[in-house]
Amino acid sequence: MSLTNSTPTATTTAGNPTVQVPEPPVPGRLAHGGFVHGILTNKKALFGLAVLVVFALLALLAPLLAPGNPSDFGPEASLAPSAAHLLGTTSKGQDVLALTLWGSRSSLTVGFIVGIAATFIGCLVGIASAYFGKAIDELLSLLTNIFLLIPGLPLLVVLAAFLPPGPATVVIVLVITGWAGSARVLRSQALSLRSKDFVAAAVVTGEKAWRIMFREILPNMASIVMSTLLGCVIYGIGAQAGLEFLGLGDTGSVSWGTNLYWANNDGALMTGDWWVLLPSGVAIAVVAFALALINYAVDEITNPRLRVEKKG
Amino acid sequence: MVFLLRRLGFYVIAFWACITLNFFLPRLMPGDPVSRMFSQVQSQMRPDQVDALRRLFGLDDRPLWEQYLAYIGNIFRGDMGISLSRFPSPVSEVIGSQIGWTLLLGGTSLVIAVILGNFLGVLAAWRRGKFLDSVFPPLLIFVGSFPYFWLAMAALYLFGITLGWLPLSHAFSTGLSASFSFEYIGDVAAHLILPALTIVLVSIGGWMLGMRNTMIATTAEDYITMARAKGLRPARIMFQYAARNAMLPSVTSFGMSLGFVVGGALLTETVFAYPGIGYQLLTSVQALDYPLTQGIFLTITAAVLAANFLVDIIYVRLDPRVRVS
Amino acid sequence: METLTEQDRGNIGRTAAAPVLSVKNLQVQYTAEIGNVTAVDGVSFDIGAGEVFGLAGESGCGKSTIANAVMRLLQTPAKITGGSIELNGKNLLDLGEEELRRTRWRDVAMVFQSAMNSLNPVMTIGDQIVDVFTTHERMPKKAARERAAELLKLVDISPDRLKSYPHQLSGGMRQRAVIAIALALKPSLLIMDEPTTALDVVVQQDIMHQIKELQQRLGFSILFITHDISLMVELSHRMAVMYAGKLVEVAPSKDMLENPLHPYTNALMGAFPPLTGPRVELTGIPDAPPNMAHPPTGCRFHPRCPLAVDACRTVAPPLLPKAENHDAACLLLPEYVVPRERSRR
């Protein structure tokens, strides 16, 4: 590395914030091209991505594939899967396939919004914590740890019980309970970057704090932000389903969680209408699994030690 | 010692934060949830009880800080108000009568998942790329991707309804009274299997994978190479050198995961109508029984914090490095 | 530090007695995505009883790989692909897992680079010594503890340190504890892979002195690996210089210091002040060491060699006697003709 603590003057002369800083060897990080290449050649990642794309398409095309309001009651109740109703009907005569397709819209949207928002807050808190250190770090870490420790679902239930019901409440509540984990992971990563020479150089050149945090530190932890994001989306989808299954979400909407809530409420288990319960649950699992696979692949690519060595 | 005191201080602050949240939540919420509750229950209460309830939710005229101090004082005396849905039982009594079931369910499944998951993780890491390592992790991640409650329903449908092997709901058969008889304990165990199985199935994958990955990182350490060079037996290296070190992060995440287990137990209890406080929490929310809802939340949090402190004490026993510093 | 007499230097390791360690034509490959990398390529050397044999070279030249190969500690992607490693006449490469396990530490022990990392942080020093006795000698715990206490005394550590954890000891003490563990079973060969790099100079001197003394008292052989040439010359009877996976020169240490033959060794020595000067790492040669995935053709040193001629680009020089007891691998050096009355191995 050409830039060391002893020669920061080399970069201060221009006073230009876009200092030419050589890429530092950050542990567990690959060059950008290497990462994309890694994802595109990793079987797990490709499979996960393919599944996600399929679900996204189905969600987008739901109005075409299953026109009409999926919640409308129909005359044919509790039918097992058949040619007319590929996934059968509920006890209220709703088409299960339509419910599942339409449900994916809410579930995926909420999942991704929650994931992105929680990761964003996590980034903000984590990087600020690592960058400013001292009292701010103490305070933010304390806050993070408290939120990590408070059992999420009970907190979710309590918050949902007091907040006015609606889709916004669901998102807010899920973000409140979901950001802490990512903040903690991102803080420790940002902390190791904080001590690198290129950050020190940026500080010496008088760059603004937010600029160092988001232009110098953040890009260097892209892969870990990515894996945190995936984790948060999984959390968002799962927790939304849980909340709605308990009847604490937005029971008026159609999502995988509400589908299961109504199925359970209408006694689908007891009447043996397994086909009402199966699709939404499997959909949640498959999407979560796909995300987990991508996450796993990201881990493998950035941490080669986890890769299974070839025999022979 | 310093380490433990610091942790204890942290838990106290965390618990205080929860109490504060509990205090302000009903006072600051829009839409006045409390009056909704009152309209529902006022008729069946004595005036002094209504007064107490008003105080609990800040509908009296005292200044906020005075209410706040009184609230904290009450909590530490174990007074969390009176349950509305189970009127006139105090909240603490309702919780006390049900927390045992949650501890039984959560404890059993947690212990099984942790021990089994970590053991599998050690084996998978030790035999990299072999059967256990290549088949189990993806399978368990997949199983773990299902929502708790969905797996619970699937288990219920399969083993309870279709096969009829195990009871469908509750913690013991109606008509049976608590005793140390073989019949009663067997009955409780039979009712425990499905809910516990659900929680174990969902959570075991995380343990296995976490342990596997730390084990792999640990086996690259110099002291493992030295242990191999010393000609120690593989089992000794695996457990006394590798796993003994790899379990340290596992112990830390154990504390963190308690919250998840509680959440899982809540959902599972709901599906099986298992009479723990998770199920009660949901019922209380539906019945707008806010004192009970809040009481249960505080109790669960306190339990999780206490358990975490216990984990810290164990951690100090396991890692000599934190003992001195 | 005591110096060896002229005669010692010449004779040790050249005696008729069978060598303790005999490495023949050793080849080690790393399997990588870009292709196989031969980290150690046809290396041969002997270490006699009671001999301290040094192995020097830049980092990445393959010297640690040799140490790990002798202990058979190499793990995928590294693999021994050829040659033999005979320890007291027994080929280590023929041993099965269980036999290997019994041989390790009993016949050959190793002191690793960093003592902090080579001790198990959650076990006491005592338990980590006792481990060795209970495993290899089926000794009862109590007796093992007494032996462990003696061992600590041997390296000047107070026996009440048995109950200490590694983090409670100073760096120098930890390294001495590791040496004590290594000597527990009185192995005939001790491998030391950069045993003092993590320590400061004073402690380093101290420990090297102690090793030397123990070696003379107990009479084990040492394979000593370092990139610190002055340290090596001080300690070892004979030494080899390694470059890009091959030995380029083998000679008694004094000869090597006073009369280096190979241009690489010359460059190394030239970059060094003699014994008394400050220690410098091997960085004084222009250009980087070669990329081992695509080693240079012919003599591997030719791209950096100031004397290289055309033939050096195509012909790989074998390691041959170039002076009395002095082998080198360089085309430019005339071969040494062994006088009739002396026979070499």
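First the proteins, then the strands, lettered A, B, ... as listed; each starts at 1.
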May I ask you to name which of Ala292(A), Ala241(A), Ala160(A) has the most heavy-atom pairs under 4.5 Å with chain B?
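Of the options given, most contacts go to Ala241(A).
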Is it the backbone or the side chain of Tyr11(B) that comes under 4.5 Å from a heavy atom of chain A, or both, or neither?
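Side chain only.
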Given that the side chain runs from C-beta out, which part of Ile296(B) has a heavy atom under 4.5 Å from chain A: side chain, backbone, both or neither?
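Neither part.
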Using side-chain heavy atoms (C-beta onward) and a distance below 4.5 Å, is Trp274(A) in contact with Thr162(B)?
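No, their side chains stay 4.5 Å or more apart.
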Taking atom CH2 of Trp150(B) and atom CZ of Phe245(A), what is their separation to the nearest 0.5 Å?
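Answer for the CH2-CZ pair, Trp150(B) versus Phe245(A), is 12.0 Å.
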Looking at Leu258(B), Val262(B), Val304(B), Leu282(B), which makes the most heavy-atom pairs under 4.5 Å with chain A?
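Looking at each of Leu258(B), Val262(B), Val304(B), Leu282(B) in turn, Leu282(B) comes out on top.
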State the CZ-CG distance between Phe15(B) and Leu149(A), to the nearest 0.5 angstrom.
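That separation rounds to 12.5 Å.
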Just give me the residue among Leu291(A), Ile150(A), Leu153(A) that pairs up with chain B most often, heavy atom to heavy atom, under 4.5 Å.
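Among Leu291(A), Ile150(A), Leu153(A), the one with the most close pairs to chain B is Leu153(A).
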Parallel, tilted or perpendicular: ring planes of Phe142(B) versus Phe289(A), cut at 30 and 60 degrees:
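Perpendicular, since the angle between the ring planes exceeds 60°.
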Can you tell which of Gly238(A), Gly242(A), Gly152(A) has the highest number of heavy-atom pairs within less than 4.5 Å of chain B?
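Of the candidates given, the most pairs with chain B belong to Gly242(A).
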Between Pro154(A) and Gly263(B), which heavy-atom pair has the shortest distance, and what is it?
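Residues Pro154(A) and Gly263(B), closest heavy atoms: CD-CA, 4.4 Å.
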Looking at every non-hydrogen atom in both residues, tell me the closest pair between Gly281(A) and Pro147(B) and how far apart they are.
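The answer is O-CD, 4.2 Å.
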Between atom OG1 of Thr271(A) and atom CD1 of Ile161(B), what is the distance when rounded to the nearest 0.5 Å?
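Answer for the OG1-CD1 pair, Thr271(A) versus Ile161(B), is 8.5 Å.
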Sort Tyr157(B) into side chain, backbone, both or neither according to what part of it lies under 4.5 angstrom from a heavy atom of chain A.
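Contact with chain A is through both the backbone and side chain of Tyr157(B).
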Under 4.5 Å heavy-atom distance to chain A, tell me which part of Thr301(B) shows up: side chain, backbone, both or neither.
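Interface part for Thr301(B): both.
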Could you look at Leu156(B) and say if it's the side chain, the backbone, both or neither that has a heavy atom under 4.5 Å from chain A?
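Just its side chain gets close to chain A.
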Considering non-hydrogen atoms only, spot the tightest contact between Phe146(B) and Val282(A) and give its length.
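So the two residues come closest at CE2-CA, 3.9 Å.
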Highest number of heavy-atom pairs under 4.5 Å with chain A: which of Thr293(B), Asn308(B), Asn22(B)?
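Ranked by heavy-atom pairs under 4.5 Å with chain A, first place is Asn308(B).
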Looking at CG of Leu293(A) and OG of Ser145(B), how far apart are the two atoms once the value is rounded to the nearest 0.5 Å?
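So the CG of Leu293(A) and the OG of Ser145(B) are separated by 8.0 Å.
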Considering all heavy atoms of both residues, which atom of Gln286(B) and which atom of Leu246(A) are nearest to each other, and what is their separation?
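The pair with the smallest heavy-atom distance is NE2-O, 3.9 Å.
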In terms of heavy-atom proximity below 4.5 Å to chain A, should Leu21(B) be classed as side chain, backbone, both, or neither?
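Looking at Leu21(B), just its side chain touches chain A.
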Is atom OH of Tyr274(B) surrounded by more than 12 heavy atoms (other residues, nucleotides or ligands) closer than 6.0 Å?
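Counting neighbours around OH of Tyr274(B), more than 12 heavy atoms of other residues, nucleotides or ligands fall under 6.0 Å, so yes.
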Which atoms of Ile141(B) approach chain A - backbone, side chain, both or neither, heavy atom under 4.5 Å
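It is both, since atoms from each part get that close.
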Chain B: which of Asn264(A), Val286(A), Asn145(A) shares the most heavy-atom pairs with it under 4.5 Å?
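Result: the option with the highest number of such pairs is Asn145(A).
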Check the surroundings of atom CZ in Phe47(A): do more than 12 heavy atoms from other residues, nucleotides or ligands lie under 6.0 Å from it?
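Open: at most 12 neighbouring heavy atoms sit under 6.0 Å from CZ of Phe47(A).
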Which atoms of Val271(B) come close to chain A, meaning under 4.5 Å heavy atom to heavy atom: side chain ones, backbone ones, both, or neither?
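Just its side chain gets close to chain A.
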Sort out for me which of Leu278(A), Ile237(A), Ile234(A), Leu156(A) touches chain B most, counting heavy-atom pairs under 4.5 Å.
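Of the candidates given, the most pairs with chain B belong to Leu278(A).
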